[in-house]
2 protein chains.
Amino acid sequence: MLNELFHMFFQQNRYLVNKLNEVLKPHGLFSSQWTILFLLHQDGPMSLTAIWKYLNVEAPTVTRTVNRLETLGWVERQYGMDKREKIISLTKKGLEQFPPIAASVRSFEQEIEKKLSQQDQELLKGILKKIEG
Amino acid sequence: MLNELFHMFFQQNRYLVNKLNEVLKPHGLFSSQWTILFLLHQDGPMSLTAIWKYLNVEAPTVTRTVNRLETLGWVERQYGMDKREKIISLTKKGLEQFPPIAASVRSFEQEIEKKLSQQDQELLKGILKKIEG
DNA sequence: TTAAATTATTTAGGTAGGTAAATAAATTGG
DNA sequence: CCAATTTATTTACCTACCTAAATAATTTAA
């Protein structure tokens with residue numbers, strides 16, 4: 001990258017994603033799969049559209065990841081009144097296995113956050129908000 | 001993502017990569033291809049290994065991107081004394097077309113940087129350094 | 001009421017990252 | 001000297017993002 005700042009940003013992003021994948025590996029999950037499980041656990045059953053709009057990614061990306069999660073038994077789909085819509089929810093397996101995975105991820109996040117002061121974290125949030133805004 | 005900070009980080013990374021790809025599109029390039037062209041322009045001919053070590057990505061990723069760049073006529077390869085090694089360098093086309101692309105990218109970067117004060121930028125660099133360290 | 005437009009999802013195919021294992025050349029040690 | 005190890009690159013295959021276009025269901029408007 002031309003600019004050091006952008007170069008560093010992209011490098012740290014790869015670092016964080018790779019580390020998160022390492023943490024998730026024993027649970028048989030990848031980062032984006034986890035992101036969707038977490039969202040479903042937090043907000044309950046929701047449509048594909050609700051998922052991709054919330055996560056700010058395109059629909060086909062979510063289609064594929066949800067299909068994989070379904071194959072692996074983490075989520076299931078129901079059809080609503082609107083027959084176009086697929087409503088995705090956690091399966092029993094998804095619900096039951098969630099807590100220990102969440103604990104692993106939380107502990108990873110805390111490890112990273114230990115490297116930053118509380119002030120750094122707030123500053124970083126503020127700066128990140130300015131980038132897209 | 002569990003944590004708002006990580007979630008924001010990943011979102012802004014996608015935002016920046018997508019925006020950069022938009023800027024590069026008229027030039028027929030994608031962000032990672034540009035990253036490699038930029039490196040070769042800056043440091044001169046170098047081996048695949050030198051490229052992936054510098055960029056902090058795995059070898060197969062660079063193999064693929066360099067092959068694509070070769071097909072598109074941006075780079076060429078020579079073999080050194082060590083016959084395992086491939087030395088990659090910019091072609092005439094690569095050298096000639098570089099400056100206007102660099103100008104577009106620079107202008108994109110400046111646009112983003114306008115959203116951040118000089119102080120924000122230094123703070124962000126400092127915080128990014130702490131994440132991996 | 002039905003043709004046109006919109007919405008939800010999928011399919012197809014591209015870039016960009018990863019791991020694991022193969023290959024070929026160079027280096028090292030007994 | 002040559003067998004074993006290391007190094008450079010590639011191949012094969014997975015996740016994760018993208019765009020463009022297809023399909024099917026719903027909504028809107030003439």
Side-chain angles (χ1 to χ4, degrees), chain A residues 1 7 9-25 27-37 46-72 74-75 77-88, chain B residues 1 10-37 46-72 74 77-88:
Chain A
M1 209 49 18
H7 184 65
F9 198 92
F10 296 146
Q11 298 249 6
Q12 297 305 349
N13 185 75
R14 273 202 307 280
Y15 172 79
L16 289 173
V17 170
N18 290 343
K19 279 287 181 183
L20 181 53
N21 278 330
E22 262 177 49
V23 168
L24 289 169
K25 192 171 189 179
H27 304 284
L29 283 170
F30 286 89
S31 61
S32 288
Q33 298 169 348
W34 167 249
T35 301
I36 289 176
L37 292 188
M46 56 204 292
S47 71
L48 274 179
T49 299
I51 295 175
W52 68 256
K53 286 196 171 156
Y54 177 81
L55 296 178
N56 232 319
V57 296
E58 298 302 318
T61 302
V62 172
T63 293
R64 196 168 5 73
T65 304
V66 164
N67 284 346
R68 190 83 185 96
L69 284 171
E70 197 183 17
T71 300
L72 296 171
W74 294 95
V75 307
R77 68 188 68 194
Q78 295 107 33
Y79 290 89
M81 321 247 135
D82 187 331
K83 278 181 201 144
R84 292 168 304 180
E85 242 180 18
K86 271 167 140 184
I87 308 294
I88 315 297
Chain B
M1 208 48 18
F10 296 147
Q11 298 247 8
Q12 298 306 348
N13 186 75
R14 272 200 307 278
Y15 173 79
L16 290 173
V17 171
N18 290 343
K19 279 288 183 184
L20 181 53
N21 278 330
E22 262 177 50
V23 168
L24 290 169
K25 192 171 189 178
H27 304 286
L29 283 170
F30 286 89
S31 60
S32 288
Q33 298 170 348
W34 167 251
T35 302
I36 290 176
L37 292 188
M46 56 203 293
S47 70
L48 274 179
T49 299
I51 295 174
W52 67 258
K53 286 197 171 155
Y54 177 82
L55 296 179
N56 233 319
V57 296
E58 298 302 319
T61 302
V62 172
T63 294
R64 192 167 10 72
T65 303
V66 164
N67 284 346
R68 190 83 187 96
L69 285 170
E70 197 182 17
T71 300
L72 296 171
W74 294 96
R77 69 188 69 194
Q78 296 106 34
Y79 291 88
M81 322 246 133
D82 187 330
K83 278 180 201 143
R84 293 167 304 178
E85 242 179 18
K86 272 167 140 184
I87 308 295
I88 314 298

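Quick note on labels: first sequence line is chain A, next is B, and so on, each numbered from 1.
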Restricting to non-hydrogen atoms, name the atom on [X] and the atom on [Y] that form the minimum distance, rounded to 0.1 Å.
| X | Y | result |
| --- | --- | --- |
| B:N21 | B:S31 | OD1-N, 2.8 Å |
| B:N13 | A:F10 | OD1-CD2, 3.0 Å |
| A:L55 | B:R14 | O-NH2, 2.7 Å |
| A:V66 | A:V75 | O-CG2, 3.9 Å |

Distance in angstrom units between [X] [atom1] and [N] [atom2], rounded:
| X | N | atom1 | atom2 | answer |
| --- | --- | --- | --- | --- |
| A:I36 | D:dA16 | CD1 | P | 8 Å |
| A:N13 | C:dA16 | CG | C1' | 12 Å |
| A:Y15 | C:dA16 | OH | P | 24 Å |
| B:N67 | D:dT11 | CG | P | 8 Å |
| A:W34 | D:dT15 | CH2 | P | 18 Å |
| B:E58 | C:dG18 | CD | C1' | 7 Å |
| A:L24 | D:dA16 | CG | C1' | 14 Å |
| B:R14 | D:dT15 | CZ | C1' | 14 Å |

Quick check for you: to the nearest 0.5 Å, what is the distance between [X] atom [atom1] and [Y] atom [atom2]?
| X | Y | atom1 | atom2 | answer |
| --- | --- | --- | --- | --- |
| A:N56 | A:I51 | CG | CD1 | 14.0 Å |
| A:H7 | A:Q12 | NE2 | CD | 10.0 Å |
| A:W52 | A:T65 | CH2 | OG1 | 14.5 Å |

Can you find a donor-acceptor N/O pair under 3.5 angstrom joining the side chain of B:R64 to the base of C:dG14?
->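 Under the 3.5 Å cut-off, the side chain and the base do not form any donor-acceptor pair.
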With a 4.0 Å cutoff (strictly under), does any side-chain N or O of [X] reach OP1 or OP2 of [N]?
| X | N | answer |
| --- | --- | --- |
| B:N21 | D:dC18 | no |
| A:S31 | D:dA16 | yes |
| A:R68 | D:dT15 | yes |
| B:T63 | D:dT11 | no |

Nearest-nucleotide wise, let me know which of B:L72 and A:D82 is further upstream toward the 5' end of DNA chain C.
->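 The 5'-side residue here is A:D82.
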Summarise protein proximity over nucleotides 2-7 of chain C in one line of letters, 5' to 3': B for base, S for sugar-phosphate only, - for none, counting protein heavy atoms closer than 4.0 Å.
-> -----B
What's the closest nucleotide to the side chain of [X] if the choices are [options]?
| X | options | value |
| --- | --- | --- |
| A:N18 | C:dG18, C:dT11, C:dT15 | C:dG18 |
| B:K53 | C:dG17, D:dT9, D:dA8 | D:dA8 |
| B:E85 | D:dA16, D:dT11, D:dT9 | D:dT9 |
| A:Q33 | D:dA16, C:dA26, C:dT9 | D:dA16 |
| A:T65 | C:dT9, C:dA16, D:dA16 | D:dA16 |

Could you tell me which residues satisfy salt bridge (charged side-chain N to carboxylate O under 4.0 Å, His left out) with B:E70, sequence neighbours excluded, listed by chain and number?
->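 For B:E70, the residues satisfying salt bridge (charged side-chain N to carboxylate O under 4.0 Å, His left out) (neighbours in sequence not counted) are B:R77.
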For A:S32, answer base if it contacts any base atom (sugar-phosphate contacts may also be present), sugar-phosphate if it contacts only those atoms, and nothing otherwise; contact means non-hydrogen atoms under 4.0 Å.
->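 Sugar-phosphate, backbone atoms only, no base.
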Could you check A:K83 against A:N56 and say which one's nearest nucleotide on DNA chain D is further toward the 5' end?
->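 Final value for this comparison: A:N56.
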Nearest-nucleotide comparison on DNA chain D, the residue closer to the 5′ end among B:Y79 and A:M81 =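 Its nearest nucleotide lies further toward 5', so the answer is B:Y79.
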